[in-house]
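First the structure, in the form of structure tokens, and then the observations on it.
The model shown is predicted, which means the values in this text are computed figures rather than measured ones.
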Number of protein chains: 2
Amino acid sequence: MSLPHAVLGLLAVAPGTGYDLTRRFEASLSHAWHASHSQIYPELARLQGRGLVQEAGRGARGSRTWAITDQGLAELDRWLVEVQPNRSQRNETALRWFLLPLLPADQRRSALEREIADMLDSTAYLEAAAAGSGEVADDHPFRATAKLGVRINDVMLAWLREQLADT
Amino acid sequence: MSLPHAVLGLLAVAPGTGYDLTRRFEASLSHAWHASHSQIYPELARLQGRGLVQEAGRGARGSRTWAITDQGLAELDRWLVEVQPNRSQRNETALRWFLLPLLPADQRRSALEREIADMLDSTAYLEAAAAGSGEVADDHPFRATAKLGVRINDVMLAWLREQLADT
DNA sequence: GCCATCATGTAATTAGTTACATGATTAG
DNA sequence: CTAATCATGTAACTAATTACATGATGGC
């Protein structure tokens, strides 16, 4: 279970409110992890209970800003270094691409065309992130993963076009 | 929720028992979807209830062989063509790579080295699958996704090595 | 006879989604 | 004044994991 470490990681970059974290999951972590506010608020409470985050102040509209503690940083490092990652994955896109050969040729072609269009959208989005569009600090190394995403998309796009040509 | 369609897809390739499907998830679908037998048996019962699969015979040790029905094939096609895929994902590897810059340089280097080793293992496995190692029928186009996996791994490996060089 | 593998299920728990519920502030 | 956005939470439900439970067959 990686949600607590995703939250710790985002708070290690900068403190923030639950609402703020929800947007940061969406903006900078959407290719790696997804979490909605209904998961984030209870998780912040649990992490506080474990001493890994603490309230760093309250703002307007009843907002609570959270910061990672030294214990939280230690736990994040431990997880990155010691815990062997769970490589099993569920990826609906990969599942679809795997099953696409089951479709008759004409339906397969139109499905491939839709996938190509979606992939172009995704690449445009990641290129903006790789160029740095304010979601994270300007020179933050996190942008490296967006660049990786662009390269992976290029490979996937080329593959989709080959499949289309072969159909 | 894609589990029912993953099961239908595997049964569209060939009929099989719940036990058999469990192994096929592991062998040919592990890069796209993961499911254990405790999910598969109840799912087969549900699909039977919806008329999308049917029992195609019983074998030794109380085994039940399942086959997809025409209704099941129609549902699978409909899902592939009409349902817009859920692109939100959770990928622990991507999360780790995203958070790696938070580690001090020496720990980051050893973490990157471990990732490189794991990636080489994964590539070896996928290359065997792309060459065709009996998991699916010999000329089955499903092998195309293994080839895509190899190419993606190449890009990821190059990226990891760049990160290591920059650390 | 015993161990590996084949084979099927259920129960308890944890994780994640969707829906419900409420209220403050700000820009137009 | 009103709509968008900021802001936080809980409840109900669905999906997935881990643990429990049992038994057959085949090779050594």
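- Within 6.0 Å of atom CG in B/Asp106, more than 12 heavy atoms from other residues, nucleotides or ligands are found, so the atom counts as buried in its surroundings.
- We find that CG of B/Leu3 is positioned 17 Å from P of C/dG16, with the value rounded to whole Å.
- Rounded to whole angstrom, the span from the CZ atom of B/Arg46 across to the P atom of D/dT14 amounts to 11 Å.
- Taking 3.5 Å as the limit, the base of C/dT8 and the side chain of B/Ser63 contain no donor-acceptor pair of atoms between them.
- Ring geometry for A/His31 against B/Phe98 counts as perpendicular: the plane angle is over 60°, on a 0 to 90° scale with 30° as the lower cut.
- With hydrogens and angles ignored, a donor-acceptor pair under 3.5 angstrom links the side chain of A/Ser38 to the base of C/dT18.
- Looking at B/Glu162 and A/Arg151, a side-chain N of the basic residue comes within less than 4.0 Å of a carboxylate O on the acidic one, giving a salt bridge.
- Rounding to whole angstrom units, CZ of residue B/Arg90 and P of C/dA15 are separated by 12 Å.
- Distances shorter than 4.0 Å separate some side-chain N or O of B/Tyr41 from OP1 or OP2 on C/dT8.
- Atom CD of A/Glu92 is separated from atom C1' of C/dT17 by 14 Å (rounded to the nearest Å).
- Straight-line distance from the CG atom of B/Asp20 to the P atom of C/dC6: 10 Å, rounded to whole Å.
- Within the structure, a side-chain polar atom (N or O) of A/Arg23 is placed less than 4.0 Å from OP1 or OP2 of D/dC6.
- Taking atom CD of residue A/Gln89 and atom P of nucleotide D/dA16, one finds them 14 Å apart after rounding to whole Å.
- Closest to the B/Trp33 side chain, of the nucleotides D/dA16, C/dT17, D/dC6, is D/dA16.
- Of the candidate nucleotides C/dT8, C/dG16, D/dA15, C/dT8 has the atom lying nearest to any side-chain atom of B/His37.
- In this entry the distance linking CD1 of A/Ile40 with C1' of D/dT10 reads 16 Å, nearest Å.
- Remark: B/Arg61 is not in phosphate contact with C/dG9, judged by side-chain N or O atoms under 4.0 Å from OP1 or OP2.
- Of the listed nucleotides (D/dA16, C/dT8, D/dT17), C/dT8 has the atom at the smallest distance from the side chain of B/Arg64.
- Within the structure, a side-chain polar atom (N or O) of B/Thr17 is placed less than 4.0 Å from OP1 or OP2 of C/dT8.
- Separating the CH2 atom of B/Trp66 from the P atom of C/dA7 is a distance of 15 Å, rounded to the nearest angstrom.
- Between A/Phe25 and A/Ser36, every side-chain heavy-atom pair lies at or beyond the 4.5 Å cut-off.
- Here B/Gln39 does not reach the OP1 or OP2 of D/dA15: none of its side-chain N or O atoms lies under 4.0 Å away.
- Place A/Ala60 and A/His34 on DNA chain C by their nearest nucleotides, and A/His34 ends up nearer the 5' end.
- When only modelled atom types and interatomic distance are considered, B/Glu55 and B/Trp66 share no side-chain donor-acceptor pair under 3.5 Å.
- Of the candidate nucleotides D/dA16, C/dT8, C/dG16, C/dT8 has the atom nearest to the side chain of B/Tyr19.
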